[in-house]
Amino acid sequence: MKRKIHALGLAVAASLAACGGGELLAVLQIVTPLGGAWSNAGFTTTIQFTSPSPLVQVFANKLDITATVNSTDGVCGDTLNNGVDLVGTVENGAVALRPVAPANATNCIQGSFSDLRKLDTVALGAQPARSYTNSRVDVQMQAGLWISESGTLTLKFNEPSSVDNFTGANTEPVTGCDVTVPAAKVNFEGEMRGFVVASLSRPLIPELVNPLNPAQKFFTQVEFVDGATLRLLNAGGVLVTLKRQPNPGNVTC
């Protein structure tokens with residue numbers, strides 16, 4: 001499993017370096033949104049993460065989690081689709097889950113996220129290695145503030161909270177504002193398309209524009225790298241990386 005996580009980290013690092021980023025922090029802290037249903041190819045097993053809530057989960061790369069698995073092929077001992085309650089951890093994209101009871105139960109699901117909507121698990125006992133995929137990414141754009149690593153740009157989003165995987169036409173509206181100067185907030189709008197399975201492209205907002213003058217583009221190529229990281233081009237074409245931060249002052253648009 002460590003090998004998979006390391007490989008994913010190298011891939012992210014290569015992508016960042018190619019775009020002029022190269023921030024090691026984005027490699028070492030992987031935050032994969034857990035919301036939605038994660039199912040295998042035959043839909044015989046489905047995992048749903050039940051806590052913490054999506055609004056809490058996107059702020060941390062290491063968490064204690066709970067989940068439920070429903071299976072007809074014996075995953076975590078469930079053969080009748082009755083559901084088994086699980087506890088475990090997620091850390092930098094690595095997941096380990098075990099039944100709540102008995103107290104000394106061993107892991108029955110273990111693996112790592114290879115992208116934002118795919119969980120690859122290893123073989124455990126009689127269960128073979130398999131992959132689980134999600135039909136959406138819980139981006140929770142409205143949670144917290146998105147602050148550039150230099151501290152010179154702060155964005156607040158109102159929506160969306162989730163985007164379905166992109167099938168060619170489906171997008172979600174995006175609204176929010178630039179709150180870098182609190183006394184002079186600048187509203188923006190756009191559309192987010194979801195994860196593109198064919199190209200493994202992450203959720204993307206092609207452009208954020210002035211709602212009163214759509215020809216005025218504030219930011220372009222706004223990429224949802226993971227639950228804690230955005231990457232965009234500013235109006236001058238400069239690549240900027242933003243990290244999700246708490247919003248204790250309840251800054252709004």
Side-chain angles (χ1 to χ4, degrees), residues 1-5 7-8 11 30-54 56-58 62-140 161-170 172 193-203 224 226-227:
M1 175 166 34
K2 290 181 180 179
R3 189 176 299 113
K4 283 189 177 182
I5 296 170
L8 178 60
I30 301 168
V31 179
T32 302
L34 302 177
W38 301 80
S39 301
N40 66 331
F43 292 94
T44 57
T45 300
T46 297
I47 305 166
Q48 289 186 290
F49 296 92
T50 52
S51 73
S53 73
V56 172
Q57 186 263 321
V58 292
K62 181 178 180 180
L63 291 165
D64 292 326
I65 57 175
T66 63
T68 299
V69 61
N70 289 81
S71 180
T72 58
D73 53 8
V75 174
C76 298
D78 190 11
T79 59
L80 300 175
N81 206 36
N82 288 330
V84 176
D85 292 331
L86 309 174
V87 296
T89 60
V90 59
E91 181 175 2
N92 285 328
V95 177
L97 292 166
R98 65 186 186 279
V100 171
N104 62 347
T106 58
N107 291 341
C108 57
I109 295 173
Q110 187 171 325
S112 59
F113 293 99
S114 54
D115 61 48
L116 288 171
R117 46 90 253 178
K118 187 178 181 184
L119 171 62
D120 296 321
T121 62
V122 300
L124 290 175
Q127 293 298 323
R130 65 178 69 190
S131 295
Y132 298 89
T133 58
N134 201 333
S135 64
R136 75 184 205 219
V137 177
D138 266 19
V139 291
Q140 301 295 330
S161 59
S162 180
V163 285
D164 291 337
N165 295 343
F166 190 62
T167 57
N170 56 311
E172 292 292 334
R193 64 128 175 92
F195 192 96
V196 181
V197 176
S199 60
L200 300 182
S201 300
R202 303 181 185 105
F224 186 85
D226 72 0

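What you see is a predicted model; the values in this text were computed from it and never measured.
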Closest approach of [X] and [Y], non-hydrogen atoms and distance?
| X | Y | value |
| --- | --- | --- |
| Phe113 | Val90 | CE1-CG2, 4.3 Å |
| Asn170 | Gly168 | OD1-N, 3.8 Å |
| Val163 | Gly194 | CG2-CA, 4.0 Å |
| Ala37 | Thr46 | CB-CG2, 3.8 Å |
| Pro33 | Val137 | CG-CG1, 4.2 Å |

A side-chain contact here means heavy atoms from C-beta on lying under 4.5 Å apart; do [X] and [Y] qualify?
| X | Y | answer |
| --- | --- | --- |
| Leu97 | Ile65 | yes |
| Arg98 | Val87 | yes |
| Leu119 | Ser112 | no |
| Pro99 | Cys108 | yes |

Quick one: [atom1] on [X] to [atom2] on [Y], what's the gap to the nearest 0.5 Å?
| X | Y | atom1 | atom2 | value |
| --- | --- | --- | --- | --- |
| Asn134 | Asn165 | CG | CG | 7.0 Å |
| Thr32 | Lys118 | OG1 | NZ | 13.5 Å |
| Thr89 | Asn107 | OG1 | CG | 7.5 Å |
| Leu63 | Glu91 | CG | CD | 10.0 Å |
| Thr45 | Asn81 | OG1 | CG | 8.5 Å |
| Ile47 | Ile109 | CD1 | CD1 | 3.5 Å |

Sub-3.5 Å donor-acceptor pair from the side chain of [X] to the main-chain atoms of [Y], do we have one?
| X | Y | value |
| --- | --- | --- |
| Gln57 | Leu34 | yes |
| Asp226 | Leu116 | no |
| Asp120 | Gly111 | no |
| Thr50 | Thr66 | yes |
| Asp78 | Gly83 | yes |
| Gln127 | Asp73 | yes |
| Arg193 | Arg202 | yes |

Salt bridge (charged side-chain N to carboxylate O under 4.0 Å, His left out) pairs, two or more places apart, involving [range]:
| range | result |
| --- | --- |
| residues 38-48 | none |
| residues 43-52 | none |
| residues 32-52 | none |

Partners meeting side-chain hydrogen bond (donor to acceptor under 3.5 Å, both in side chains) with Ser135 (sequence neighbours left out):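 Applying side-chain hydrogen bond (donor to acceptor under 3.5 Å, both in side chains) to Ser135 gives none.
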
Check against side chain to side chain contact (heavy atoms under 4.5 Å, CB included), Val75 and Tyr132: CA-CA 12 Å; Val75 174; Tyr132 298 89; 4.0 Å; yes

Partners passing salt bridge (charged side-chain N to carboxylate O under 4.0 Å, His left out) against Arg136 (at least two apart in sequence or in another chain):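 So Arg136 forms a salt bridge (charged side-chain N to carboxylate O under 4.0 Å, His left out) with Asp138.
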
Residue list, salt bridge (charged side-chain N to carboxylate O under 4.0 Å, His left out) with Asp85, at least two apart or on another chain: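 Expected list: none.
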
Mutual orientation of the aromatic rings belonging to Phe49 and Trp38 [parallel < 30°, tilted 30-60°, perpendicular > 60°]: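 The arrangement is perpendicular - the two ring planes meet at more than 60°.
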
Steps toward side chain to side chain contact (heavy atoms under 4.5 Å, CB included) verdict (Asp115, Phe195): CA-CA 10 Å; Asp115 61 48; Phe195 192 96; 3.7 Å; yes

